[in-house]
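Note that the structure is a prediction, hence the values are computed from the model and not measured. Within every chain, numbering begins at 1; the chains are lettered A, B, ... in the order of the sequence lines, protein sequences first and strands thereafter. Side chains are part of it too, since the values below use all heavy atoms of this structure and drop only hydrogens, waters and symmetry mates.
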Amino acid sequence: MYARENIEQKLREGLRQAAEKACEAGDFSLNGQELPEIELEVPREREFGDYSTNLAMQLPKIARKAPRQIAEALAGRFEPIPGVVETVEIAGPGFINFRLDPSWLTQIVAQVNEMGGDYGKTARHAGKTYNLEFISANPTGPMHMGNARGGAIGDVLAELAEWTGYDVTREFYVNDAGNQIEKFGDSLDARFRQLTGEDFPFPEDGYQGEDITEHVKEYLAEHPGSEEELKAQPPEQRRKIFIDYALKKNLERMHSDLADYGIQYDVWFSEQSLYETGAIDKALDMLKKSGSVYEEDGAVWFRTTDYGCEKDDVLIRQNGIPTYYMGDIAYHLNKFETRGFDRGVNVWGADHHGHIARLQAALDAAGAGGKLDVVIMQLVKLVQDGEIVKMSKRTGKMITLTDLIQMIGKDAARFFFNLRSPDSHFEFDLDLAIRESNENPVFYVQYAHARICSILRQAEGFDWSDADLSLLGEPEEIALMEVLSRFYEEIQAGEEKMDPSRITRYAVDLASAFHTFYNAVRVNTDEIELKKARFALISAVRQVLRNASEILGINAPERM
RNA sequence: GCGCCAAUAGCUCAGUUGGAUAGAGCAACGGCCUUCUAAGCCGUGUGCCCGGGGUUCGAAUCCCUGUUGGCGCGCCA
């Protein structure tokens, strides 16, 4: 158990008992009502102590007494906890402020050094399986900036889930079926015809990127003499050959690009496989049982309006081909029913948010409701030379994930995309990003780690295992230990709110507290006992910086 | 028209289970390297928390409403 959890539990218990005693003694009465949940917070101002509660200000309505009077009764009857609570004070309109025994903080240093790479982990969700689907970029072309953001967010969310005890599966949904694949094939075939001298118009809504032409050229280079053979084939056959070839190439490239980005998937789930395994039919049967499926105009519909949506949606088109929506339902039922995941989280771009309600509706109808959360990330707006760059996979004008990593590096990219919460609108200034490669906060964090490594390197062989941590009492040391104590809370909050940016901000906070400490006191001091204590402290800081870097998927360099 | 997300310092953004004096980075200016990494530290100031109502001991935070911006509302994915 982490120190803060322990202390908070004791404070709550103490307050509960104080309230009981105060009622018995007739200080005030709850008039038959339950004591509200006790809220504890860490006050912004140091002078208000280490913990504060507004309990006395929540009671006047029930007890019909002034908050100050209630606070006085509670504080007066609060049983001292030796070694934990030093003082109890009343302040302002009725806050009760607690000041803790300083020893609680030094214990954290020992705990971090003992737990090492496990410090920050909890078993809160132990035994539960968690499926995290992210990026799921169209395999018809290279990945873009939006995919880069989704990748950074998703991978850290997965990590946060693991740190809170979930058994996590990272998953990429490969959209290798449907209309865009047809378009992909048409585009490839059109380029083939043009390359081989035919005067053939390029489809208006085709993929105009260079990569399409490249695929065709590569195919021809790899299959010498195949040109005539291909020309003799019927167009559908030829399209299929090109699609199979280019899709495979694209997926291989995605694998390696994502590996460069530090992302490793456990499952690449093929949309096409849903058709081949009968998962679509099975899902449709499950939906039919809800009684909300009907036929009209030759198509099969799902009455999403039964579930609060604005209009119904088509499951099977007039031409008999299932919609993307139907596929997505089958896919998610596969996650929850077939594979039995306890929880699923998807990271989607804001342009897909309209899809959430109807997917949830269908899952409810099929009896798999309440298991899926969707994190919506706002789209990335790319700015270059002070102007917004329109990106489009269709026209092929875009900055790819690979370009980005080449420009600013994996660490900076991952950190940068997680600097803001997913639902904040993101303006990515390319000129700034290139310039920022040296100003990016990621270097600030990494520098703190490298500095600590440097100090420890110079004292190789120095043994501080018997350090007396109570010697740590400078304000900068206390501030640093307080940041250390917050780590597990940030992980929990990040997981709960599905917001990875908590961790980047925490890492910056910790690095900042360290840099301040470093400039204020000398670690490698002549006073041996103090030196031992400070070595124990910076060793703990280094450990937590490493753990945070692990979650963020960035390097913690030993030298810079 | 309807729905989702947003609006806080010159810029980019924190702060949202309602709390005490609304914060950080960048940018600007000044200071700190004869001892552990100056990619660092310290100091100097700026706010109609988009407007208007409401809820209450207390609102940047919750509710209603208006404005502005982004996105969505296909038998596309």
Side-chain angles (χ1 to χ4, degrees), chain A residues 37 39 41 43-45 47-48 52-54 57-58 60-61 66-68 91-95 97 136 138 140 175 177-183 205 271 296-301 309-311 313-328 349-358 376-379 381 419-427 429 432 436 438-448 450-459 476 493 496-497 501-502 505 508-509 511-512 514-526 531 534-535 538 559-560:
Chain A
E37 196 175 326
E39 289 174 27
E41 61 165 24
R44 212 177 2 237
E45 302 293 326
E47 57 175 309
F48 297 134
S52 172
T53 181
N54 62 355
M57 287 179 289
Q58 297 192 310
K61 247 177 286 180
R68 290 277 313 197
F95 290 103
N97 297 334
S136 299
N138 247 323
T140 52
N175 300 123
N179 246 329
Q180 85 282 3
I181 293 294
E182 299 305 318
K183 256 194 284 182
D205 56 351
E271 181 182 359
E296 196 175 292
D297 300 333
V300 180
W301 296 70
C309 294
E310 290 199 355
K311 55 184 163 190
D313 292 283
V314 171
L315 296 171
I316 311 288
R317 299 183 184 95
Q318 220 170 28
N319 62 12
I321 298 172
T323 58
Y324 175 82
Y325 176 46
M326 182 68 239
D328 220 14
D351 54 342
H352 285 69
H353 80 251
H355 186 56
I356 299 173
R358 56 189 221 235
I376 283 298
M377 56 160 194
Q378 294 300 317
L379 301 176
K381 220 190 294 171
L419 221 39
R420 316 262 176 263
S421 66
D423 61 7
S424 75
H425 296 258
F426 207 106
E427 203 168 279
D429 187 328
L432 192 70
E436 261 197 1
N438 270 327
E439 293 167 29
N440 194 301
V442 71
F443 294 98
Y444 183 79
V445 172
Q446 292 180 324
Y447 185 56
R451 257 185 162 175
I452 295 172
C453 290
S454 169
I455 300 170
L456 295 177
R457 242 191 331 264
Q458 285 165 45
E476 293 83 5
E496 232 167 75
K497 294 172 196 274
S501 71
R502 317 243 355 172
R505 279 197 295 274
V508 171
D509 277 358
S512 170
F514 170 74
H515 287 310
T516 299
F517 157 85
Y518 177 89
N519 278 276
V521 308
R522 190 171 168 78
V523 180
N524 206 347
T525 168
D526 294 337
K531 178 173 166 180
R534 286 184 178 156
F535 266 62
I538 65 166
R559 293 170 205 267
M560 279 177 79

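For the pair A:Ile356 and A:Ile376, the minimum side-chain heavy-atom distance is below 4.5 Å. Considering only heavy atoms from C-beta on, A:Phe443 stays 4.5 Å or farther from A:Pro441 through its side chain. By the 4.5 Å heavy-atom criterion applied to side chains, A:Val314 and A:Tyr325 are not counted as neighbours. Residues A:Asn175 and A:Gln180 meet the side-chain proximity criterion, which asks for heavy atoms closer than 4.5 Å.
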Secondary structure of RNA chain B in dot-bracket form (Watson-Crick or G-U wobble, distances below 3.5 Å, | marking inter-strand pairs): (((((((..((((.....[...)))).(((((.......))))).....(((((..]....))))))))))))....
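Of the C1' atoms belonging to B:rA59 and B:rU16, the separation is 11 Å, rounded to the nearest Å. B:rU61 and B:rC49: their C1' atoms are spaced 10 Å apart (whole Å). Here, B:rC50 and B:rU8 have their C1' atoms 10 Å apart, quoted to the whole Å. Comparing B:rA14 with B:rG54, their C1' atoms sit 28 Å apart, to the nearest whole Å. When the P atom is compared between B:rG18 and B:rU37, the two are found 47 Å apart, to the nearest whole Å. The same atom, P, is picked in B:rC62 and in B:rG25; the two are 26 Å apart, to the nearest Å. Comparing the same atom, C1', in B:rC26 and in B:rA9 gives a spacing of 12 Å after rounding to whole Å. Here, B:rA60 and B:rA6 have their C1' atoms 14 Å apart, quoted to the whole Å.
If you check every strand for non-hydrogen atoms under 4.0 Å, A:Ala350 touches sugar and phosphate atoms only. A:Gln180 comes within contact range of the sugar-phosphate backbone alone, with a heavy-atom separation under 4.0 Å but no base atom that close. Among the heavy atoms of the strands lying under 4.0 Å from A:Asn97 is at least one base atom, whether or not backbone atoms are also near. Across all strands shown, A:Asp351 has heavy atoms under 4.0 Å from sugar-phosphate atoms exclusively, and none from any base. Using a 4.0 Å heavy-atom cutoff across all strands shown, A:Glu182 reaches no nucleic acid atom at all.
Protein atom CD of A:Glu296 is 12 Å distant from nucleotide atom P of B:rC75, rounded to whole Å. Rounded to whole Å, the distance from CG on A:Leu315 to P on B:rA77 is 13 Å. Protein atom CD of A:Gln378 is 7 Å distant from nucleotide atom C1' of B:rC71, rounded to whole Å. In this structure, CD1 of A:Ile321 is placed 15 Å from C1' of B:rG74, rounded to the nearest angstrom. Remark: P of B:rC73 and OH of A:Tyr325 are 14 Å apart, rounded to the nearest angstrom. Protein atom CG of A:Asp509 is 10 Å distant from nucleotide atom P of B:rG25, rounded to whole Å. Going from atom CG of A:Asn440 over to atom C1' of B:rU12 covers 13 Å, rounded to whole Å. Distance A:Met57 CE to B:rA59 P: 13 Å, rounded to the nearest Å.
Each of A:Arg358 and A:Phe48 lies near RNA chain B, and the nucleotide nearest A:Phe48 is the one positioned closer to the 5' end.
On a pure distance criterion of 3.5 Å, a polar donor-acceptor pair joins the side chain of A:His353 and the base of B:rG3.
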Report the C-alpha distance between A:Phe514 and A:Ile538 in whole Å, list the side-chain angles of each, state the deciding distance to 0.1 Å, and finish with yes or no for side chain to side chain contact (heavy atoms under 4.5 Å, CB included). CA-CA 8 Å; A:Phe514 170 74; A:Ile538 65 166; 3.9 Å; yes
Let's go through A:Ser421 and A:Asp423 carefully: what are the C-alpha distance in whole Å and the side-chain angles of both, what is the deciding distance for side chain to side chain donor-acceptor pair (under 3.5 Å) to 0.1 Å, and is it a yes or a no? CA-CA 6 Å; A:Ser421 66; A:Asp423 61 7; 2.9 Å; yes
Do A:Arg534 and A:Val521 pass the side chain to side chain contact (heavy atoms under 4.5 Å, CB included) test, and can you show the C-alpha distance, the side-chain angles, and the key distance before you say yes or no? CA-CA 9 Å; A:Arg534 286 184 178 156; A:Val521 308; 3.8 Å; yes
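Qualifying ring-ring contact (aromatic ring centres under 6.0 Å, His included) partners for A:Tyr444, counting only residues two or more places apart in sequence or in other chains: A:His515.
Glycosidic torsion of B:rC63 falls outside 90° of 0, placing the base in anti.
Between the side chain of A:Thr516 and the backbone N or O of A:Ser512, at least one donor-acceptor pair lies under 3.5 Å. Side-chain N or O atoms of A:Gln318 include one that pairs as donor or acceptor with a backbone N or O of A:Asp297 at under 3.5 Å. Between the side chain of A:Thr323 and the backbone N or O of A:Leu315 there is at least one donor-acceptor pair closer than 3.5 Å. Judged purely by atom type and a 3.5 angstrom limit, A:Asn319 uses its side chain to pair as donor or acceptor with the backbone of A:Ile321.
Under the 30°/60° scheme for interplanar angles, the aromatic rings of A:Tyr324 and A:His355 are found to be tilted.
For CG of A:Asp526, the number of neighbouring non-hydrogen atoms (other residues, nucleotides, ligands) closer than 6.0 Å is 12 at most. Within a 6.0 Å radius of CZ in A:Arg559, other residues, nucleotides and ligands contribute 12 heavy atoms or fewer. Counting non-hydrogen atoms of other residues, nucleotides and ligands closer than 6.0 Å to CD of A:Glu296 gives a total above 12.
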N/O to N/O distances under 3.5 Å, protein versus nucleotides 67-69 of chain B:
unit_1: B:rG69; atom_1: N2; unit_2: A:His425; atom_2: NE2; d: 3.4

Protein N or O to nucleotides 14-17 of chain B N or O, pairs below 3.5 Å:
unit_1: B:rA14; atom_1: OP1; unit_2: A:Ser421; atom_2: OG; d: 3.4
unit_1: B:rA14; atom_1: O2'; unit_2: A:Arg505; atom_2: NE; d: 3.3

Any protein N or O atoms within reach of nucleotides 26-28 of chain B? Criterion: under 3.5 Å, listing atom names and distances.
none

Can you give one letter per nucleotide of nucleotides 35-44 of chain B, 5' to 3': B if a protein heavy atom sits under 4.0 Å from the base, S if only from the sugar-phosphate, - if neither? BBBSBBSS--
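A distance of 12.0 Å separates CZ of A:Arg457 from CD1 of A:Ile452, quoted to the nearest 0.5 Å. Atoms CZ and CG, on A:Phe95 and A:Asn54 in that order, are 6.5 Å from each other to the nearest 0.5 Å.
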